[in-house]
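Below: the structure, in structure tokens.
One is the number of the first residue; the rest follow in order along the sequence.
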Amino acid sequence: MDNKAFFNISYGLYVVTAHEGEKDNGCISNTVVQVTDSPKRISVTLNKNNYTTAMIEHTGLLCVSILTEEASFETFKHWGFQSGANVDKAVGITFSRADNGVIYVTEGVNAVLCAKVITQVDLGTHITFVADVTDAMVLGDVPSTTYTYYHKHIKPQPAMMQRKGWICTVCGHIYEGENLPEGYICPLCKHDASFFKPTEVK
């Protein structure tokens, strides 16, 4: 199977946020979909290992900040390359808090959806939350970014390596070495070895 075929599916990119107790948190997602128009309903699919996933399971509340083509790489690093179990993701960013108590991102974002989970589906490694939208706000008119745009224009392009190695096609993490270890998992974005390709050599 050629895993690169999946890269041709069109995706947007979003910050999905949650609030539980005194804790605010969120993560990057490319799997937010409007599933019905009446009522306004979305699905959000998240990895079970994400701290945000557990918070949404407990509270049933979430917000989706729709990222634009002007979103910075720092935004993706902040929300996607570290775990809220270890850091406070509400520190060092600009945000507002919705009526449902969940924060949302205000920079590099053109709209926000707030939602309440009505059901969830266990997909093995992931959970799909089906949620009714309880509020929606337009914050700007910059076009929404896509997964493809992110890779071509937002994510820094890695410099060519002098030593052999492997690069993650999702987040750009580089593993230096002749061979990628069997069962290797990217330490940043948690994708498996099938998402790595050899780096170029000077």
[X] side chain to [Y] main-chain N or O, any donor-acceptor pair under 3.5 Å?
| X | Y | result |
| --- | --- | --- |
| His58 | Ala54 | yes |
| Thr199 | Gly165 | yes |
| Lys155 | Lys152 | no |
| Ser65 | Val105 | yes |
| Thr36 | Ser38 | no |
| Asn50 | Thr52 | no |

[X] versus [Y], closest heavy-atom pair with distance:
| X | Y | value |
| --- | --- | --- |
| Asp24 | Asp88 | O-OD1, 4.3 Å |
| Thr75 | Ile28 | O-CD1, 4.5 Å |
| Ala71 | Gly108 | CB-O, 3.8 Å |
| Ile42 | Leu62 | CD1-CD1, 4.4 Å |
| Glu178 | Trp166 | O-NE1, 3.3 Å |
| Val133 | Ala136 | CG1-CB, 4.5 Å |

Among side-chain atoms of [X] and [Y], is any donor-acceptor pair under 3.5 angstrom?
| X | Y | answer |
| --- | --- | --- |
| Asn110 | Ser144 | yes |
| Ser29 | Thr31 | yes |
| Asp192 | Ser194 | yes |

Can [Y] be reached from [X] by stepping across I, L, V, M, F, W or Y side chains whose heavy atoms are under 4.5 Å apart?
| X | Y | answer |
| --- | --- | --- |
| Ile93 | Val64 | no |
| Val130 | Leu46 | no |
| Val112 | Val44 | no |
| Trp79 | Leu13 | yes |

Taking only residues two or more places apart in sequence or in another chain, which ones pass ring pair (Phe, Tyr, Trp, His ring centres under 6.0 Å) with [X]?
| X | answer |
| --- | --- |
| His19 | none |
| Tyr51 | none |
| His126 | none |
| Tyr147 | Tyr11, His151 |

task = Run the numbers on Cys114 and Met137 for side-chain contact (heavy atoms from CB on, under 4.5 Å), then give the verdict.
result = CA-CA 9 Å; Cys114 302; Met137 299 162 276; 4.0 Å; yes
inquiry  = Can you confirm whether Asp2 is buried at CG, in the sense that more than 12 heavy atoms of other residues, nucleotides or ligands lie under 6.0 Å from that atom?
reply    =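 Atom CG in Asp2 is packed in, count exceeds 12.
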Check: [X] ring centroid to [Y] ring centroid under 6.0 Å:
| X | Y | value |
| --- | --- | --- |
| Phe95 | Tyr104 | no |
| Phe76 | Phe81 | no |
| Tyr175 | Tyr184 | yes |

State, with a plain yes or no, whether a side-chain heavy atom of [X] is found less than 4.5 Å away from one of [Y].
| X | Y | result |
| --- | --- | --- |
| Gln82 | Lys77 | no |
| Glu57 | Ile127 | yes |
| Asn25 | Thr17 | no |
| Phe73 | Tyr150 | yes |
| Cys27 | Val15 | no |

What distance do [X] atom [atom1] and [Y] atom [atom2] have between them, rounded to the nearest 0.5 Å?
| X | Y | atom1 | atom2 | value |
| --- | --- | --- | --- | --- |
| Leu180 | Lys197 | CG | NZ | 14.0 Å |
| His173 | Ile185 | NE2 | CD1 | 11.5 Å |
| Arg41 | Thr119 | CZ | OG1 | 9.5 Å |
| Cys63 | Leu61 | SG | CG | 8.5 Å |
| Asp132 | Leu113 | CG | CG | 12.5 Å |
| Asn100 | Asp135 | CG | CG | 8.0 Å |

key: Test: Glu20 and Lys23 ion pair at under 4.0 Å   =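 Salt bridge: no.
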request  = Please go through Val142's hydrophobic cluster and name the other residues, only I, L, V, M, F, W, Y counting, with side-chain heavy atoms under 4.5 Å joining them.
outcome  = none
task = Sorted by first residue and then second, give each salt bridge (Lys or Arg N to Asp or Glu O under 4.0 Å) pair with at least one member in residues 105-124; sequence neighbours left out.
result = Lys48-Asp122
inquiry  = Applying side-chain contact (heavy atoms from CB on, under 4.5 Å) to Tyr14 and Leu67, what does each step give before you reach the verdict?
reply    = CA-CA 5 Å; Tyr14 316 90; Leu67 294 167; 5.7 Å; no
task = Using the six-membered ring wherever Trp is involved, compare the ring planes of His191 and Phe195 and label them parallel, tilted or perpendicular (cut-offs 30° and 60°).
result =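 Perpendicular: the ring planes of His191 and Phe195 meet at over 60°.
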query = Where do Glu69 and His153 land on the side-chain contact (heavy atoms from CB on, under 4.5 Å) test, with the steps shown first?
reply = CA-CA 8 Å; Glu69 293 178 353; His153 303 287; over 6 Å; no
